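Bear in mind the structure is a predicted one, so any value in this text is a computation, not a measurement. Numbering starts at 1 and runs along the sequence shown.
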Amino acid sequence: MKVLHVEAGRHLYGGARQVAYLLPALSKHSVESVLVCPPGAAIAGAMSKQCQVIETPMGGDLDLRFIGRLRKIIREQKPDLVHLHSRRGADTLGAIAAQLEGVRCVVSRRVDNPEPRWLVPFKYRFYDHVITISEGIARVLRDCGVDDAKITCVRSALDASEYDLPADKSWFCDEFDLVEGDLTIGVVAQLIPRKGHRYLLAAMPTLLEQFPRLNVLFFGQGPLEAELAAAAAEFGDHVRLVGFRDDLPRVLPNLDLLVHPADREGLGVSLIQAAAAGVPIVASRAGGMPEIVRDGLNGFLIQPGDVEELAHKISMLLAKSDVRCSMGVAGRDLVQAEFSVAAMAKGNLDVYRRVLVGP
């Protein structure tokens with residue numbers, strides 16, 4: 001089986017990281033993969049030794065010429081199937097290209113925002129199947145009118161062994177200018193409104209009153225950087241923006257807690273990463289987050305936007321190191337059992353086979 005994968009992400013996190021896990025795992029099932037991505041995308045270098053990589057411009061939803069470029073690649077490569085992994089033009093335009101070339105097409109959906117009901121009959125007719133990374137996203141699509149028979153949930157995954165590292169507090173404190181023994185919360189997310197950084201900032205006065213040696217590190221990049229930096233300045237060195245890091249497997253085990261108070265989230269790869277690293281989590285009860293954060297097992301869930309509940313659940317965990325430890329162990333076990341790369345590859349392969357040969 002030959003599959004042409006289309007990934008528009010320029011950075012190797014989120015969906016692009018999932019593609020980087022998936023393609024080598026599919027090769028173990030005799031699947032030949034070809035990756036199409038933008039010029040200079042980080043995933044191109046990461047996958048260059050794993051499969052054939054074709055770089056082509058991807059200008060987003062209005063880049064209608066992308067249809068022609070992808071059609072040419074499809075004609076040259078002659079894949080059995082096209083797998084579209086991201087939005088920003090690659091989903092709809094990519095599906096049109098596949099249909100025009102008479103090749104079956106599946107799409108991975110990683111976000112839980114609803115589709116306009118009027119759009120669903122037009123857009124989703126282009127896809128032979130939709131793979132959602134969480135049951136939460138699948139529910140949203142069903143509610144929008146997408147045929148349930150056309151939807152399969154295959155959860156995101158990671159190589160848990162990459163994150164099963166011991167804490168290195170000395171390095172961690174030197175790297176981020178912290179004092180050993182202080183408590184540290186991490187937020188690993190793009191700096192965009194729906195990730196909910198503002199809720200944690202609103203909870204900080206309460207938290208600092210109880211834990212005066214508390215530190216918060218915002219990992220990530222995004223358009224809210226200046227706004228969040230200005231808001232964080234109110235708390236001095238207690239809250240800092242530390243940018244994008246490519247060494248999260250080394251960083252995460254040193255955190256006392258990961259907080260993800262997002263309004264919406266398809267699943268949340270950073271939550272899987274934190275759980276694999278043995279870090280307890282406080283996250284919102286929205287989208288696919290409850291599928292990786294089991295309330296009371298490996299963390300706590302709160303109602304989106306509830307600052308008082310957020311502060312309370314964070315305080316509960318910061319005050320009890322033994323609970324943090326037991327939740328960390330439970331998180332590792334959960335990832336190994338339900339979020340393995342092997343399971344993700346098998347789930348995608350099962351969809352490919354159903355689309356190509358039927359149930």
Side-chain angles (χ1 to χ4, degrees), residues 13 167-263 265 268 270-271 273-274 277-284 293 299-300 302-321 323-325 327-328:
Y13 51 71
D168 185 348
K169 291 291 187 180
S170 178
W171 168 82
F172 182 69
C173 291
D174 287 345
E175 185 73 11
F176 296 102
D177 194 23
L178 302 172
V179 176
E180 201 158 343
D182 286 359
L183 293 166
T184 305
I185 291 173
V187 180
V188 181
Q190 288 179 280
L191 307 182
I192 56 178
R194 69 180 177 88
K195 299 297 184 180
H197 297 81
R198 62 192 181 280
Y199 302 131
L200 180 54
L201 289 172
M204 282 303 293
T206 299
L207 294 172
L208 285 173
E209 186 175 340
Q210 299 175 63
F211 306 97
R213 294 176 59 185
L214 175 65
N215 300 290
V216 173
L217 302 178
F218 287 161
F219 296 89
Q221 300 170 323
L224 289 186
E225 182 173 353
E227 180 180 328
L228 289 174
E234 176 185 345
F235 305 105
D237 289 336
H238 288 286
V239 181
R240 278 176 283 162
L241 280 66
V242 294
F244 173 77
R245 302 282 301 206
D246 60 6
D247 58 351
L248 285 179
R250 188 178 186 186
V251 170
L252 288 174
N254 297 284
L255 297 176
D256 295 290
L257 185 63
L258 185 109
V259 174
H260 196 72
D263 293 314
E265 189 67 79
S270 66
L271 305 184
Q273 293 170 327
V279 180
I281 304 164
V282 175
S284 300
V293 183
F300 289 125
I302 64 161
Q303 287 301 113
D306 190 331
V307 173
E308 183 176 347
E309 186 182 17
L310 176 64
H312 175 62
K313 292 298 173 65
I314 291 174
S315 297
M316 287 176 61
L317 285 177
L318 292 181
K320 297 181 178 180
S321 60
V323 175
R324 296 199 304 272
C325 182
M327 284 187 166

Residue of the set Thr184, Asn254, Val251 for which side-chain contact (heavy atoms from CB on, under 4.5 Å) holds with Phe176: Val251
Result of checking Leu255, Asp256, Leu214 against Ile185 for side-chain contact (heavy atoms from CB on, under 4.5 Å): Leu214
Find out whether [X] and [Y] are in side-chain contact, i.e. whether some heavy atom of one side chain is under 4.5 Å from a heavy atom of the other.
{"X": "Val216", "Y": "Val259", "answer": "no"}
{"X": "Val293", "Y": "His260", "answer": "no"}
{"X": "Leu201", "Y": "Phe218", "answer": "yes"}

Measure across [X] and [Y] and return the closest heavy-atom pair with its distance rounded to 0.1 Å.
{"X": "Ser284", "Y": "Pro261", "value": "OG-C, 3.2 Å"}
{"X": "Lys195", "Y": "Glu265", "value": "NZ-OE1, 2.6 Å"}
{"X": "Gly299", "Y": "Met327", "value": "N-SD, 3.5 Å"}
{"X": "Ala277", "Y": "Leu252", "value": "CB-CB, 3.8 Å"}
{"X": "Ala311", "Y": "Leu207", "value": "O-CD2, 3.6 Å"}

Pair Asp306 + Lys313: basic N to acidic O under 4.0 Å: no
Pair Glu175 + Arg250, salt bridge at N-O below 4.0 Å: no
side-chain contact (heavy atoms from CB on, under 4.5 Å) assessment of Leu228 paired with Val239: CA-CA 10 Å; Leu228 289 174; Val239 181; over 6 Å; no
Over 12 foreign heavy atoms within 6.0 Å of CD, Gln210: yes
Asp247, CG: over 12 other non-hydrogen atoms inside 6.0 angstrom: yes
Approximate separation, where rounding is to 0.5 Å, of His312 NE2 and Ile302 CD1: 11.5 Å
Donor-acceptor contact present, side-chain Arg198 to main-chain Pro193, <3.5 Å: yes
N/O donor-acceptor pair under 3.5 Å between Arg324 side chain and Leu318 backbone: yes
side-chain contact (heavy atoms from CB on, under 4.5 Å) evaluation trace for Leu257 with Leu183: CA-CA 9 Å; Leu257 185 63; Leu183 293 166; over 6 Å; no
